[in-house]
Amino acid sequence: MLLSILAILILLGSTLLILGNLRLVMRDIYDVMVSTVSGMRFTDHLAANLALVALWIVLFVLSYG
């Protein structure tokens, strides 16, 4: 019971921090996406990089969607 309450409090706290800094979070996500896309053009691991980007997008959408 105590661990569940602690987990919920941590989840609420991290959600509030993200929502409070949503502009910076979105800017960081944009920077990572731009660097990933520009880096993908110069490597041989295009499929692996696309899968990683898709995984992060799915995780973000499922976490806060």
Practice task
Flag the pair V32 / W56 as yes when at least one side-chain heavy-atom distance between them is below 4.5 Å, and no otherwise.
Solution key: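 SC-SC contact between V32 and W56 ruled out.
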Could you pull out every donor-acceptor pair under 3.5 Å between side chains of residues 20-27 and any protein atom, sequence neighbours left out?
unit_1 : atom_1 : unit_2 : atom_2 : d
N21    : ND2    : L17    : O      : 3.4

Handout entry: Exam field: side chain S38 to backbone S35, donor-acceptor pair closer than 3.5 Å
Key =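 Looks like yes, one N/O pair under 3.5 Å.
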Donor-acceptor list for residues 2-10 side chains, cut-off 3.5 Å, not counting sequence neighbours:
none

Handout entry: ILVMFWY network linking M33 to V61, side-chain heavy atoms under 4.5 angstrom
Key =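 In one cluster: yes.
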Problem - Hydrophobic cluster membership, L11 vs I18, 4.5 Å side-chain cutoff - result: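 Hydrophobic grouping puts L11 apart from I18.
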